[in-house]
Each structure stands twice: as structure tokens, then as C-alpha cells.
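Just below is one structure, and these are the notes that go with it.
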Amino acid sequence: MNINYLIYRNLKKNIKNYYLYVFALIFSVGLYFAFVTLQYDPATDEAKGSVKGAAALGAASVLLVAIVAIFLLYANTIFIKRRSKEIGLFQLIGLTKGKIFRILSAENLILYFGSMVIGIFAGFAASRLILMILFKVIGVDAEAALSFSTEALIQTVIVFAVIYVLIMIMNYTFIQRQSILSLFRAVSTTENQIKKMSFLEMLFGLLGIGLILLGYYVSTKLFSGDFTSMNELFMAMILILGSVIIGTYLFYKGSVSFIFNAIRKSKGGYLSVNEVLSLSSIMFRMKSNALLLTIITTVSALAIGLLSLSYISYYSAEKSARQSVPNHFTVANSNDLAAYIQALTDENIEFKQTKRDVIQVNADLSQVIGANLEVVSGPGEQQPMVIPVISDESVEGIDVSPEETLFTGSSDAIQQFMSIQATGDIELTSPNQQIKQQLIGLEKDSYVSYYFASGGLPAAIVDHTVFDKLAQDLDPKIQKETNVYYGIDLVDPIAIDQANQIFKDLGISESTGNLSQSELIMNQKSNMGLMMFIVGFLGLTFLITSGCILYFKQMDEGEEEKANYTILRKLGFTQGNLLKGIQMKQLFNFGIPLIVGLFHSYFAVKSGWFFFGTELWLPMVMVMLLYTALYSIFGLLSVLFYKRIIKEAL
Amino acid sequence: MAILEANQIHKSFGNKFNKQEVLKGIDIRVDKGEFVSIMGASGSGKTTLLNVLSSIDKVSLGSIKIEGKEFTGMKEKELAEFRKHHLGFIFQEYNLLDTLTVKENVLLPLSIKKVSKKDANQRFQKIATELGIYELKDKYPNQISGGQKQRTSAARAFIHDPSIIFADEPTGALDSKSASDLLNKLSELNLKIDSTIIMVTHDPVAASYCSRVVFIKDGQIYTQLNKGEQSRQAFFNDIIKTQGVLGGVQNEH
């Protein structure tokens, strides 16, 4: 038996144990390579040109490397500790530390670079798929063809070689620092001293829950008008972040064991096997892993939150575009309109035209606005607001009496700031008269483009008699360049691309007030699509790496607790009994960080989602479900691992 | 009344090319209320015998009955059920769960038997006072001494009134004071509640607390000693003598 044989045997053993590590490595190399390939590939120029994709992809790949590097280094600390006994044994039979280091390095070299080669191949194969996904989400019609990029290859190899060197340095210092004896003892020193709950810990536990709840509470108040200046808003955000993160840490450090301890106390020492395996084991372990769990929770909350927000925006692109531009096209300038209509007729595209007179009127809304207006208009300058007004004659299907006003096109974001009530008294003011009106409702549909509605304020529909009165007595200072809204709807939506092309070719799209609905949708989709694409893949990488770390932790724990399973089985608990307890334990182990992360992201998304789109629940729930499903896979894998441990225990 | 009856048990390890026979046809019978110790040199097969008798390991050949129930053919699940109701264990390494308090450790065997909480508490109080660990009930294993740990382990073995208790070198890791404490408690309990104990040991002092000592050599029963009416000291001398005859390597001529 020579050294090479030793290396070979160790490798064989390692691959069986660390298949997930190898998988995660292959996955991250593959993903990194694919990202870098996209970055260098000319085929993505179209996507890149329109949305500055190269920079985004570049930033994403840097983040990716950071996540992967931390993961690999962390995983390595777990592995080297596990092998400390073996290293001690090598030393005992007379190998020098240098030689042991060389053995470890050779092993890692084969494992690491083997995975890397596979990862690069997989990444190249997948990069076309990834490119296709990218084109699909950002709505670019292009053939996804890729060429092998040497630059990408070199960059990938260099980056991962650097990580490899870091790992080796870590191993080297680990071996150097240890004596034979301490190596033998490395496993047992990681076990923390089991003590009784102290009063301080209970205090921390309560404080943790309190801080998290405080953060949640402040987050619901964030944009509701309670924080009136930019400075206060900023302070509030810092407060939320700080209290939630510290709260999470204390939650793991104290609250979990506090709650579990309370449950345990109530049992009076008479625990079922499920409780033995789950409660008692977790309450001690969570404490020692508090920092790790806090990081995992915070970053997964971040990933879920960003993913939800970008998906919300992507998902509601059409809806918000319809709100901004109610018809397929709108042209503010009558010359442009004539030219466009001429062009459409020449191309034999059928269309319908909508024309609405829109006037700008000062309105006193103080009776219906719930929020403190200083947030919106700044302190001190409590001016009347300027809102667009249209006549009920110009809108089909809506008829209001001379005393009534209907608000249309109210957006979630504005609603959040102003919280306009659906009914109440308002006053419309023109230079020579004041007309009292009764507000009868708020509608989300809009009838004029956002060009007329300054800053997203709702447009008022009034009776035509009132409209005429107002129109004869306009305040010229507040009027827009035009007082007519022209909307064009195509009869056949299939022609929309052609019409859009004409819209662009004529140069109409350049001037303000001229808008194309489909162009808006496209823009938002491609911006948010790239965002979603990058956040999605980063989130996936993070999910896999953090899942792996939790799984490795469980592997460690499982092996440490193997003796316990032996005892329990000797006492007459069946494998089934134990497995049930383990399932419960894993439910807590994987479930607690997941649920805390989901709650964090829920409150984060809830506090600011209205800036991103019109639909909160469906996109957010879909993102959360997907994340939960993928995350659960690691929980299942760890249960399978425990099953094997329990089986071998007797 | 025989509580344990083993006939012609054989146990071998390895495959058919390299077979090592550890137990070569052992007959053993233990009556209710007996405190039996099994002695033998290292490698004589005494731990294997204990494992086989306590259903943790399977025999290759032979039959074992506890309270008239044959368990050599039972499946894993039935065996677990059997151990749960009929057997108690004390190990050399205490085998307590670090994450549980003394009380929780002791009550562990009851939790699968659906004993009411009140009943469980009563039982705990009785046995814990008996073994002198009641005051320690809320302590964790790493906060108490080796002797206290072993008494906790003993309490766990006694708590569910098993038909028979197996002790594998219970004094192996204890100092002599704690060891004699434990053995005194064990023999007291043996007399008081008429429990049956089988103990594996290679310590003659420990063995002298028993009512009977079975000597094993190379997988076979070599001889047996009964304490009878004699004092512990006299019994101890007998054991030492027997061990002297038993021990040592055979002359190779």
C-alpha cells in the first residue's frame, strides 16, 4: 500500500459521502461558466445593448463567486474536522505534516478539478439553455446560438483555482496548528457544553422575538405616511434591518431554546421519543449555529424578497402598462396624430380612435386624503393638488350626476401614500368659482395616459355640465401643452407589432406624451426580466449552497448522535420510532430557518411592493412555494442520510 | 422458575472461508431473582454471550427463551418490542443521552409503554431515591460524576420492571468506591424487588456480589460457582482461585 493507493481509497470513500458537495461544486462551476460565457458572447449583444446586460451579468458573476467561495471554504472546515482522526492516525504512523498535506492536496485536486471539468462541460451545454431562458423572459426574439469562449474558460479556471488555493491554505494552517492529540480530540471539542437555561438566555430569547416583531411592525408603517422626511424614512429602514437581523440572531441564540425548554418543562421529564430526538437535540444545537443560521436566513429572505419583487414587476407589466396608457397608442400632438393615422391607413391597419378632452383643475382633497400630506408635497407648502378632469360624456358606460365625481386610475403606490377614501367631500377650484362635489368611488382602470395625471394622481370624471363650467374658466398656468387625449386602439391586436414599428419609424415615439402600450410592456419586461433572471440564478445558487451547508451540518450531527441511536435501539425503540423522531427534528431544523426567512421576506415585500407592480399575492406566493419546494429537497436528503445512520447504529 | 433458558447457543463471525466460532454450544439457565455474573478472560466470548442473550445480536444456532418466550427467530421489530418490555440494560460507558436531564434519561423506557405521567413520576421517585439520585434529577449527565451516571443508567434499567437486567461491565469505568456503592445498590435491589440481573465482568470483586458466577473459556462454560451461605470474602477467594486455574496460556509441548 503506497501513498497513491491511499489517495485513491480516500477519494472513493469521499465521493460516496460528499456527493452533494461534488454536485454543488459542479453546479456552481457550471453556472459561473455559463454566466461568463454569456458575458463574452456576441449573441447576447441584443439583450445587453438594450438593458446594459453585460454589467449586470458581470456583477452577478462576482456575487456568484462570493457565494460559492464562502460555501466551499465553509464546507471545507466541516470536512477537515471530520477527517481529523484520520490525519492524526497518519501522523501516528510517521507521516510528516507536509506529506499529509500533500496527500490531502492531491485528493482535493482530483476531486475539485474533476468536478470543475464536468462543471465546465455542463455549463457550456447549459449556457444555450440559459440563454434561451434569458431571451424568453426578456422577450427578445433571437436565435440562441453560442460559441465556446476561451476567455470565459480561462476566467473560470483562474477564479476556481484561486478558491482552491484558499482551501489549501486553510487545510495547511489546520494541519500545522494541530498536534496528534488534539487532532484526535477535534470532533469532541466541537460539542458544546450542555448547561441549564440561564435567566439571561431567557431574556435574550424574549428580546429576540420582540425585536423581530418590532421590525415587522415598523415595516408595515414604513410608507404609510408616518415617516415624513427622507431622513426619517432612512432611519426607519435602518431600524427595521437592524432589529430584524439582531432579532433573528437572538431568536436562534435564545428564543428557540427558550420555547423548546418551556415545552420540555411542561412535560415534567417524561419525554416521548419524538421529543427526545427533536426538541432536546435542536435546542442545544441551534444555539451554537446561531450565526450561520442568521446569515442563511437573512440571505434567503433577501433572495426571496428580491425574486418576489422582480416577479411582481414582471408579472404586472401588462396591467401597469394599461394603467399608464389605457389605449394601444396615445399621441398628444395633433400633427403627430395626423401623420400616424395616415401611416396606419396606408398600411391597411384598422383602428379605432378615442378622443377625450382633459383639463387640469385645482382640487381640494383634504377631506378624503387620510395621510399626512407633508410626505408628498414637503412640509409647509400645503397647496391644492392639480388633477386631470374629464367629462362623463367621453367615457362609455359611466354616468355621474352633477354633484358627483368618480376617481379613476388610482395606483397602489399613490394609494399607499395618500390613502384616499372612496367617498367624501371634495372641492374643484377654477379661478372664478368653486364647485363642491361628492366623491363616489375610486376605480383602478384609467382613461387617460399618465402624461396627463401628474405624478400618478387619479383622474376625476365629472358630469358634462360641471365639465363645461370648468372648461370655460381654466387656469392657464396649470394646463398641459395639450388638453386633448387621443387614444388609438387596433381592431386586430395581431397587427400591433407592425403598428409599433410605424410608431417608431415615424419618430413619434420620441416626443413626450406619445406612448405605445406594447412598448411600455416590452420595456418593463426586459428590464425586470433580466433582473429576475439574474436574481433567480443567484437565488438558486444560494439555495443550493445553503441547503448543502445545512445538510453537511446534519451529516455531522447524525454521526455525532449515532451513539444515542444505539442506546435508544438497545432500549427497544424500533428504527421506525427513531425515524419518526428524526423527521420531526428535520422539520424543525430546516423548517425554522425557512419559515423565519419567508416571514422576513413577506414583510419586506409587503412594505414596498406597490412601487413595483399591481399584483402582490400571486407572484409572491409562487416564488415562495418554489423556494420552499426546492429547499425541502435538502431536508428529505438529510432524512435519508439519518435513515442509514439509524440502520447502522445497532 | 427459570426466567432465562438458553440451549446450545453457537455464534460465529466471518464468512465460510474464514470462520471464527466465538460461542461453542453454551447452555445457561437463570432463575427469577438470581444475580448471576459471567466471568472470563478477554476474548473468551462473554460480551458476545451477553449481546446474544439480550437479543442485541443474533445467534447462529440454538434457542433462547425469556419467560418461556423464544426470541431467536423474531424479526427486528418484534425484537425491539421484546426488549422494550422484558429487558433492561446497564452499560460500561453509561450510555446516557447528553442532551437529556437525569430524570428524562431514566423515564425514557416508560415513554414507549404508554404509562401515565403520574405513575411514571411515582416510579421515578421510588427508584431514584433507592439509588440516591433523586436530588440530581434536573442535572445533565456532564454535570454529575461517573458513579452517579452509572446509577442513573441503573435506574433507567430498573424503571420499567423488566424481567431481566443485563449489565455489561457496569463497574469498568468507576473508581472502587463508586463501584462498591453501585454493586451494593444493585444487590439490594436484587433482594428487595426480586429482580433478575445478569452481569458481565472481569473484576472478581464485582463478581463476589453475585449469587452465582459462571466462568467462560474459549466460548464454552468452564465451571460455575455458587455463593450459597458463605461470606462475600470467602466467595471472593473462591473466585480468585478459580480464575487462577482458568487463566494463563495453555502449555505448548
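Chain A is the first sequence line, chain B the second, and so forth, proteins listed ahead of strands; every chain is numbered from 1.
- More than 12 heavy atoms of other shown residues, nucleotides or ligands fall within 6.0 angstrom of atom CD in Glu648(A).
- Atom NZ of Lys84(B) sits about 6.0 Å away from atom OG1 of Thr574(A), to the nearest 0.5 Å.
- For the set Thr566(A), Ile567(A), Leu279(A), the entry with the most heavy-atom pairs within less than 4.5 Å of chain B is Ile567(A).
- Phe204(A) CZ: 12 or fewer foreign heavy atoms inside a 6.0 Å radius.
- Counting heavy-atom neighbours within 6.0 Å of Phe82(B) CZ, excluding the residue itself, gives a total above 12.
- Surrounding NZ of Lys562(A) are more than 12 heavy atoms belonging to other residues, nucleotides or ligands, all under 6.0 Å away.
- Other residues, nucleotides and ligands contribute over 12 non-hydrogen atoms within 6.0 Å of the NZ atom of Lys58(B).
- With a 4.5 angstrom heavy-atom cutoff, Asn121(B) touches chain A only via side-chain atoms.
- Residues that satisfy the side chain to side chain donor-acceptor pair (under 3.5 Å) test with Arg569(A), not counting sequence neighbours, are Glu76(B).
- When heavy atoms are compared at a cutoff of 4.5 Å, Leu568(A) approaches chain B solely by way of its side chain, counted from C-beta outward.
- Scanning both residues, Lys570(A) and Phe89(B), for their nearest heavy atoms gives O-CE1, 3.1 Å.
- Of the two parts of Phe91(B), only the side chain, counted from C-beta on, holds a non-hydrogen atom closer than 4.5 Å to a non-hydrogen atom of chain A.
- Between Gln575(A) and Lys77(B) the shortest side-chain heavy-atom distance does not fall below 4.5 Å.
- For Ser116(B), the part lying near chain A is the backbone, with the side chain staying farther off; criterion is any non-hydrogen pair under 4.5 Å.
- For Leu96(B), the part lying under 4.5 angstrom from a heavy atom of chain A is the backbone only.
- Crowding of His202(B) atom NE2: a count of heavy atoms from other residues, nucleotides or ligands under 6.0 Å not exceeding 12.
- Contact annotation for Val115(B): both backbone and side-chain heavy atoms come within less than 4.5 Å of a heavy atom of chain A.
- A distance of 9.5 Å separates CD of Glu561(A) from CG of Asp98(B), quoted to the nearest 0.5 Å.
- Contact count versus chain A (heavy atoms, under 4.5 Å) is highest, among Leu87(B), Thr101(B), Leu108(B), for Leu108(B).
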